[in-house]
There are 2 protein chains.
Amino acid sequence: MKVLTKKTDYAIRALLMLGAKRGSYVSARTIAVEQDMPYQFLRGVLQEMIRHDLIVSKEGVQGGFMLEKDPDEIRVKQLIEIFQGTVQVSECMFRKQICANRSRCVLRHEIMRIEQVVNNEFEQVTIGKLLRKLTLADHVMLASGNMEATENK
Amino acid sequence: MKVLTKKTDYAIRALLMLGAKRGSYVSARTIAVEQDMPYQFLRGVLQEMIRHDLIVSKEGVQGGFMLEKDPDEIRVKQLIEIFQGTVQVSECMFRKQICANRSRCVLRHEIMRIEQVVNNEFEQVTIGKLLRKLTLADHVMLASGNMEATENK
DNA sequence: TTAATTGATATCAATATAGTGTCAGTTTAG
DNA sequence: CTAAACTGACACTATATTGATATCAATTAA
Ligand code: FES
Ligand code: FES
């Protein structure tokens, strides 16, 4: 059972990188190379995030993506919803018989309670929190990229 | 995002039915018809549960499946593990760079914490608890099946 | 002008989930 | 003793989801 798919995974990591390099545009190519993600796939993810106003972009040479929204307002829950749809524990168990009485069904109740808990957890985690939790060393890595790519030219 | 797959769903519902009719054998056909599940698919699910010693079976006419284990010891968590594999939020985010230092990675930490919470929730829910939560009306339905199928012959 | 970029889409491949079919062996009612 | 109702054990198909690639037009800075 996998809770986060690649899209969500890549989205979080891309946002962390944009968060670490705030103020400047970072190209999809750069993110893809440094974080080791498939380029075209990542681009799709980034575009989806643009559509949801999480990031902005600039076309052309020196273009790329930039994080504008406050990192503390980007919740992992939202990312999951964007890339994996609303969390639902089960479509609707117990169709035929018990479901005749949806509102009363205690099973559904129990399941929905768990749904609530899970959602709550993911709602707590924001890109901002994750950024702050990164150790200095990690942070530097995220901000500067890998060495080959950064050799002072 | 779907947390419970059909297999888990069917497994829970089948167990509830077996739990409601404890002591007697219930055939896959009966469960399938009364709970509206695909017969062969359900059979696969039942066999899997036998392999994990959750239920026992009897072949031949008047045969079927029976719940032997204490319903309070059958946790939804175990069912999820059987039919969907261990819960893992993400394979392992942040491969290339940060992962050089797995033990230190705070992101992984955060993710694993949530994993813990989710697992905990599903560990709390047992077939026994669900059975007790069923209202009397539901219980009767589960135990007696639908009317057409039960007409005293 | 050209190379580095994003926008927008179309398509494909891989994997996971859901469901069906078949046949051999067991049991019990008649 | 036999037929019908069962499970055991697989092999198979279908559908959906996820992951990834490819193409081409438009934009921009050097
Ligand atoms: S689960 Fe659908 S109503 Fe009980
Ligand atoms: S997530 Fe793999 S180590 Fe940080």
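Letters go in sequence order (proteins before strands), and every chain restarts at 1.
- Heavy atoms only, all atoms of each residue included: A:E68 and A:R22 are closest at O-NH1, 4.1 Å.
- When heavy atoms are screened at a 4.0 angstrom cut-off, B:L46 is found touching no nucleic acid atom at all.
- Note that B:R75 lies outside the cation-pi zone of B:F122, set by a 6.0 Å cut-off to the ring centre and a 45° limit from the axis.
- B:Y10 has no side-chain polar atom (N or O) that falls below the 4.0 Å cut-off from OP1 or OP2 of C:dA18.
- Side chains of B:L18 and B:I127 form no contact here, defined as non-hydrogen atoms less than 4.5 Å apart.
- For the pair A:Q62 and A:P38, nearest-nucleotide mapping onto DNA chain D gives the more 5' position to A:P38.
- A residue-by-residue look at A:F65 and B:F41 shows that A:F65 has its nearest nucleotide of DNA chain C further toward the 5' end.
- In this view, B:D72 and B:R132 satisfy the side-chain hydrogen bond (donor to acceptor under 3.5 Å, both in side chains) rule, not counting sequence neighbours.
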Using a cut-off of under 3.5 Å, enumerate the N/O to N/O pairs linking the protein to nucleotides 22-26 of chain C.
residue, atom, partner, partner atom, Å
C:dT26, O2, B:G60, N, 3.4

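- At D:dG19, one or more side-chain N or O atoms of A:T5 fall inside 4.0 Å of OP1 or OP2 (strictly under the cut-off).
- Looking at residues two or more places apart in sequence or on another chain, you find a side-chain hydrogen bond (donor to acceptor under 3.5 Å, both in side chains) between B:E48 and B:R51.
- Residue B:K58 has a polar side-chain atom (N or O) positioned under 4.0 Å from OP1 or OP2 of C:dT28.
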